[in-house]
Protein chains: 2
Amino acid sequence: MATTPAVTPAFQMIKDFLLREIQAGTWKEGDAVPSEAALAQQFNVSRMTVNRAVRELTSEQILNRIQGSGTYVAQQKYQATLVAIKSIAEEVRARGHEHRSELHELSSIEANESLAEKFQVNAGHILFHSVIVHFENEIAIQVEDRWVNSALAQDYLTQNFISKTPNEYLMEVAPLQGVDYSIEAVMAPKSIADMLHISSKDACLVLHRKTRSQNQIATIVTMWHPGTRYQFTGSF
Amino acid sequence: MATTPAVTPAFQMIKDFLLREIQAGTWKEGDAVPSEAALAQQFNVSRMTVNRAVRELTSEQILNRIQGSGTYVAQQKYQATLVAIKSIAEEVRARGHEHRSELHELSSIEANESLAEKFQVNAGHILFHSVIVHFENEIAIQVEDRWVNSALAQDYLTQNFISKTPNEYLMEVAPLQGVDYSIEAVMAPKSIADMLHISSKDACLVLHRKTRSQNQIATIVTMWHPGTRYQFTGSF
DNA sequence: GAGTGGTCTAGACCACAAT
DNA sequence: TTGTGGTCTAGACCACTCC
């Protein structure tokens with residue numbers, strides 16, 4: 001399944017190259033990437049081959065092209081879909097509000113059977129666990145209960161989650177491959193209700209999310225939101 | 001050769017042609033469309049130009065290509081994203097369960113100011129209103145409270161919503177242009193709780209959705225789900 | 001005017017499917 | 001073996017942007 005074809009087409013190699021360099025930060029959002037002519041020379045292929053690579057990346061919204069001007073790295077697409085990979089801190093700040101977080105737990109633990117199964121690792125595999133409460137203008141809006149695969153984020157424990165959220169840190173060290181999620185409404189358990197400063201009879205909007213990176217399960221997160229003051233929105 | 005002063009590029013004309021013929025039913029799902037060589041001859045263009053048209057339609061999931069075999073019309077595929085435009089009936093049946101619905105209200109009404117604003121129409125504009133409860137294996141899973149723009153679905157009131165859900169009907173008469181949605185968790189109001197056969201203290205997962213079609217607001221729907229037995233899931 | 005992307009050609013060789 | 005798609009070339013002309 002994961003076997004690479006014996007021969008990768010030239011246009012694909014160019015796409016891979018561009019994606020790699022963008023990921024590596026060689027060109028940042030808004031920067032111009034090399035012209036078709038330059039890439040054609042660099043890869044020793046015809047311009048049409050480069051054109052295909054760049055055109056496809058453009059249709060994938062990785063690049064923007066402006067005729068007569070050049071090709072540029074597109075703005076990172078704020079996850080179009082509902083389940084924002086975008087950090088909650090960013091979201092709050094985007095609304096012009098103040099974001100603050102409280103770290104309630106940060107630990108390392110050997111996976112028991114249940115966790116090991118969820119992460120598709122062996123029992124005993126080291127996992128990191130953090131519990132953080134996020135505030136918007138001093139009002140609690142999210143409890144983030146996160147499990148992290150140590151194989152993908154060795155120094156998770158030494159992070160300072162007050163200035164940089166786990167999301168922001170993990171996006172850096174483990175490029176996202178895919179996401180599974182589910183959303184449900186439940187009554188808040190006492191522990192969660194306390195952290196959110198709501199009654200345990202109140203409805204919570206709960207987002208479960210599992211992210212994959214480098215063909216492993218990277219994180220499993222449960223986010224609890226007070227139903228009365230939080231909602232997911234989106235459009236397409 | 002004679003450079004075409006084409007306002008529309010040749011590859012785009014070929015895409016349009018194929019889309020039109022598929023829409024018209026010339027080729028149905030699974031049917032083979034003409035080969036690249038045949039299209040090149042028909043449009044008097046080079047094979048590469050046809051290739052681009054067909055390749056793009058393939059990446060748009062309109063067509064499937066099988067090397068050595070041919071190009072085929074793909075299966076119509078519905079919204080992959082979370083907020084399924086897919087009807088709940090279809091979803092339930094896909095799980096191998098029985099779907100049943102109860103019509104609790106079906107009426108025509110002149111928009112008051114609030115509704116008129118939401119629909120971006122004048123006050124007094126005719127709107128249709130339906131309230132339907134959906135059951136999965138005789139367990140209530142959704143209350144669907146729907147407002148419909150009469151301009152886009154004149155015969156909404158004469159539909160038999162037991163055999164065909166509003167969703168299914170509307171998808172036919174008003175091709176979807178876009179969707180806005182939000183999801184929240186709330187305590188069930190008494191009227192909703194009764195229809196779902198839950199306690200009014202229970203958490204409900206509520207999906208608000210506004211669809212656009214033909215540059216108008218087509219429908220505004222609120223879907224109430226018992227939090228304990230319903231969740232949204234997805235991946236990307 | 002130089003540089004960029006947008007499009008197109010008329011061939012070519014290959015891998016794969018159907019026969 | 002024939003027909004199909006998959007890829008690629010080495011040019012070309014055009015529209016547009018930027019200097």
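Below, chain A is the first sequence line, B the second, and so on; all start at residue 1.
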Would you indicate what V54(B) reaches in the nucleic acid, counting non-hydrogen atoms under 4.0 angstrom: base, sugar-phosphate, or nothing? nothing

Find which nucleotide of DNA chain C each of R55(A) and G70(A) is nearest to by heavy atoms, and output the residue with the more 5' nucleotide. G70(A)

Salt bridge check, R209(A) against E144(A): does any charged N sit closer than 4.0 Å to a carboxylate O? no

Separation of F43(A) atom CZ from dT7(D) atom C1', in whole Å? 17 Å

What nucleotide, of dA10(C), dT7(C), dG6(D), holds the atom closest to the side chain of S46(B)? dA10(C)

Rounded to whole Å, CD of E56(A) lies from C1' of dG5(C) at a distance of 16 Å

CZ of R52(A) versus P of dG6(D): gap in Å, rounded? 8 Å

Between S35(B) and dT4(D), is there a contact of a side-chain N or O with OP1 or OP2 at under 4.0 Å? yes

Atom CD1 of I62(B) and atom CG of L18(B): how far apart are they, to the nearest 0.5 Å? 10.5 Å

Just wondering, are more than 12 heavy atoms of other shown residues or ligands nearer than 6.0 Å to CD in E113(B)? no

Hey, what's the ring geometry for F43(A) with F17(A), parallel, tilted or perpendicular (30° and 60° as the breaks)? perpendicular

Is there a side-chain polar atom (N or O) of R65(B) under 4.0 Å from OP1 or OP2 of dG6(D)? yes

Protein-nucleotide distance (L63(B), atom CG; dT4(D), atom C1'), rounded to Å: 15 Å

Here the gap from L57(A) atom CG to K15(A) atom NZ, rounded to the nearest 0.5 Å, amounts to 5.5 Å

Would you please confirm or rule out a distance under 4.0 Å between OP1 or OP2 of dT9(C) and any side-chain N or O of T49(B)? yes

I want to check one thing: is the phosphate of dG5(D), taken as OP1 and OP2, less than 4.0 Å away from some side-chain N or O of T71(B)? yes

Between C1' on dC8(D) and CE on M13(A), what's the gap in Å once rounded to a whole number? 15 Å

Of M48(B) and P34(B), the one whose closest DNA chain D nucleotide lies more 5': P34(B)

What nucleotide, of dT9(D), dT7(C), dT9(C), holds the atom closest to the side chain of V45(B)? dT9(C)

Please state how far atom NZ in K15(A) lies from atom C1' in dC8(D), giving the value in whole angstrom units. 16 Å

Rounding to an integer number of Å, can you tell me how far L39(A) CG sits from dA10(D) P? 17 Å

Give a yes or no on whether the backbone of I141(A) and the side-chain of H134(A) come within a donor-acceptor separation of less than 3.5 Å. no

For N51(B) and dT9(C), give me the distance from atom CG to atom P, rounded to whole Å. 12 Å

Salt bridge or not between E36(A) and R65(A)? Use side-chain N to carboxylate O under 4.0 Å. yes

Under a 4.0 Å heavy-atom criterion, the protein footprint on nucleotides 12-19 of chain C, written with B, S and -, is B--BBB--

